[in-house]
Amino acid sequence: MKLQLALDRLSKGECLKISKETQNYIDWIEIGTGVIKEYGMSIVREMKEKFPDKVLVADMKTCDAGKHEAIQAFEAGADITTVMAFSADRTIKDTLEVSRDYGARVMIDLLGISTQQRINELINLGVDLVSLHYGKDMQQDGSIHLNLFDLIRSDEKLDVTVAGGINLDTLPAIIRENPSVVIVGSAITKANNPAAIARKMKGFI
Ligand SMILES: O=C([C@H](O)CO)[C@H](O)[C@H](O)COP(=O)(O)O
């Protein structure tokens with residue numbers, strides 16, 4: 001099980017500082033959507049240069065123009081780009097095709113998806129990496145529900161990641177669900193001592 005650090009609502013300087021402080025405890029680094037909107041692909045490029053050994057996830061949250069956006073992410077050095085599960089099948093197919101050309105991967109963000117039917121469709125399109133996602137705004141109405149895992153529990157062909165306000169209190173229950181990757185943002189990035197929290201989390205995992 002891997003730990004992915006999600007860098008959201010941070011300046012470039014903060015992204016670099018927190019990644020450096022926590023690098024011994026994290027496996028994957030995600031450049032958050034808002035950070036990409038602020039700095040463009042240049043921050044993806046810079047993070048790959050600074051942290052070449054980490055798997056770099058560009059949280060592009062692509063929902064259209066898939067080919068173009070996947071090329072942007074992979075050209076900048078991302079190992080993984082994200083695409084929304086509700087996108088047209090054509091968008092998903094195109095991004096998967098581009099990922100094969102680059103030897104990279106596509107993570108499908110399941111935010112808002114509640115049917116097994118869409119999961120089956122995604123698998124038939126060739127998807128092998130998904131993200132169970134309890135959104136930032138949804139977190140205002142309560143913390144992540146473990147029933148998110150019901151969507152994919154029966155399927156073993158998918159690498160499953162999980163995100164959404166995960167903290168030291170909720171992490172043990174998440175770990176029991178055995179995802180491939182646990183994605184943590186604010187619990188680490190907004191902590192007084194990000195390295196201490198990342199170390200504790202890595203210890204649990
Ligand atoms: O993808 C994310 C969210 O949509 C904000 O852009 C976050 O990276 C993900 O939710 C993890 O961050 P936390 O919820 O703060 O742990």
Side-chain angles (χ1 to χ4, degrees), residues 1-12 14-19 21-22 25-41 43-44 47 51 54-63 69 73 78-87 95 105-114 129-149 151 159-175 177 179-202 204-205:
M1 195 179 297
K2 308 279 188 205
L3 179 59
Q4 174 175 324
L5 170 69
L7 299 168
D8 289 296
R9 298 172 297 284
L10 298 168
S11 68
K12 181 155 80 165
E14 290 167 329
C15 289
L16 292 167
K17 183 171 180 283
I18 295 168
S19 301
E21 286 170 0
T22 58
Y25 315 113
I26 58 170
D27 305 288
W28 294 11
I29 298 177
E30 168 196 325
I31 317 297
T33 317
V35 171
I36 293 176
K37 286 182 180 175
E38 182 73 26
Y39 298 102
M41 303 319 299
I43 191 161
V44 178
M47 288 292 291
F51 303 96
K54 299 294 179 197
V55 170
L56 197 66
V57 180
D59 193 12
M60 300 285 280
K61 287 194 175 72
T62 294
C63 61
E69 293 198 3
D79 300 290
I80 298 175
T81 191
T82 66
V83 177
M84 301 310 294
F86 61 76
S87 312
T95 52
R105 297 183 81 183
V106 174
M107 184 189 288
I108 300 294
D109 187 328
L110 298 176
L111 187 70
I113 299 298
S114 54
L129 176 63
V130 295
S131 167
L132 292 168
H133 189 180
Y134 191 67
K136 185 47 66 188
D137 295 339
M138 294 153 74
Q139 291 168 33
Q140 291 174 52
D141 301 321
S143 53
I144 190 164
H145 299 287
L146 289 181
N147 59 11
L148 266 184
F149 284 92
L151 257 186
D159 274 344
V160 176
T161 74
V162 58
I166 298 170
N167 55 34
L168 279 172
D169 294 333
T170 52
L171 183 62
I174 297 282
I175 290 172
E177 300 292 331
S180 308
V181 183
V182 179
I183 303 173
V184 180
S186 20
I188 294 177
T189 62
K190 309 297 179 197
N192 288 334
N193 186 343
I197 303 294
R199 178 164 41 79
K200 269 192 198 158
M201 288 189 155
K202 188 64 178 171
F204 279 149
I205 286 173

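Whatever order the structure lists ligands and atoms in, that order sets their numbers, starting from 1.
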*List in chain and number order the residues that pass side chain to side chain contact (heavy atoms under 4.5 Å, CB included) with Leu111, two or more places apart in sequence or in another chain; answer none if no residue qualifies.*
Met84, Asp109, His133, Met138

*Write out the residue and atom name of the closest protein heavy atom to atom 16 (O) of ligand 1, then the distance separating them to 0.1 Å.*
Gly185 N, 2.8 Å

*Closer than 4.0 angstrom: is that true for some heavy atom of Lys190 and an atom of ligand 1?*
no

_For atom 8 (O) of ligand 1, what's the nearest protein heavy-atom neighbour? Residue, atom name and distance, please._
Asp8 OD2, 2.7 Å

_Stepwise salt bridge (Lys or Arg N to Asp or Glu O under 4.0 Å) test for Lys54 and Asp79_ = CA-CA 9 Å; Lys54 299 294 179 197; Asp79 300 290; over 6 Å; no

*Determine whether more than 12 heavy atoms belonging to other residues, nucleotides or ligands lie under 6.0 Å from atom NZ of Lys17.*
no

*Look only at the side chain of Ser11 and the backbone of Glu14, and say whether a donor-acceptor pair between them is shorter than 3.5 Å.*
yes

*Over 12 non-hydrogen atoms of neighbours within 6.0 angstrom of NZ in Lys2*: no

*Can you list the ligand 1 atoms lying under 4.0 Å from a non-hydrogen atom of Gln139?*
14 (O)

*How far does CG of Leu56 sit from CE of Met47, to the nearest 0.5 angstrom?*
6.5 Å

*Is any N or O atom of Lys136, backbone or side chain, closer than 3.5 Å to an N or O atom of ligand 1?*
yes

*Check ligand 1 against Asp59 and write out every atom of the ligand that is under 4.0 Å from a heavy-atom position of the residue.*
1 (O)

*Heavy atom of Gly164 under 4.0 Å from ligand 1?*
yes

*Protein heavy-atom partner closest to atom 3 (C) of ligand 1 - residue, atom, separation in Å*: His133 NE2, 3.6 Å

_For the CD1 atom of Ile43 and the CD1 atom of Ile36, what is their distance to the nearest 0.5 Å?_
8.5 Å

_Run the side chain to side chain contact (heavy atoms under 4.5 Å, CB included) test on Thr189 and Leu5 for me, step by step, so that the C-alpha distance in whole Å, both residues' side-chain angles and the decisive distance to 0.1 Å come before the verdict._
CA-CA 8 Å; Thr189 62; Leu5 170 69; 3.9 Å; yes

*Nearest non-hydrogen protein atom, atom 15 (O) of ligand 1*: Ser186 OG, 2.4 Å

*Below 3.5 angstrom, do we get any N/O pair linking Gly165 and ligand 1?*
yes

_Out of all atoms in ligand 1, which are within 4.0 Å of some heavy atom of Lys61? Include the element for each._
1 (O), 2 (C), 3 (C), 4 (O), 6 (O)

*Relative to the heavy atoms of Ala6, which atoms of ligand 1 are at a distance of less than 4.0 Å?*
8 (O), 11 (C)

*Can you find a heavy atom in the side chain of Asp27 that is under 4.5 Å from one in the side chain of Val55?*
no

*Quick check: does Ala163 get an N/O under 3.5 Å from an N/O on ligand 1?*
no

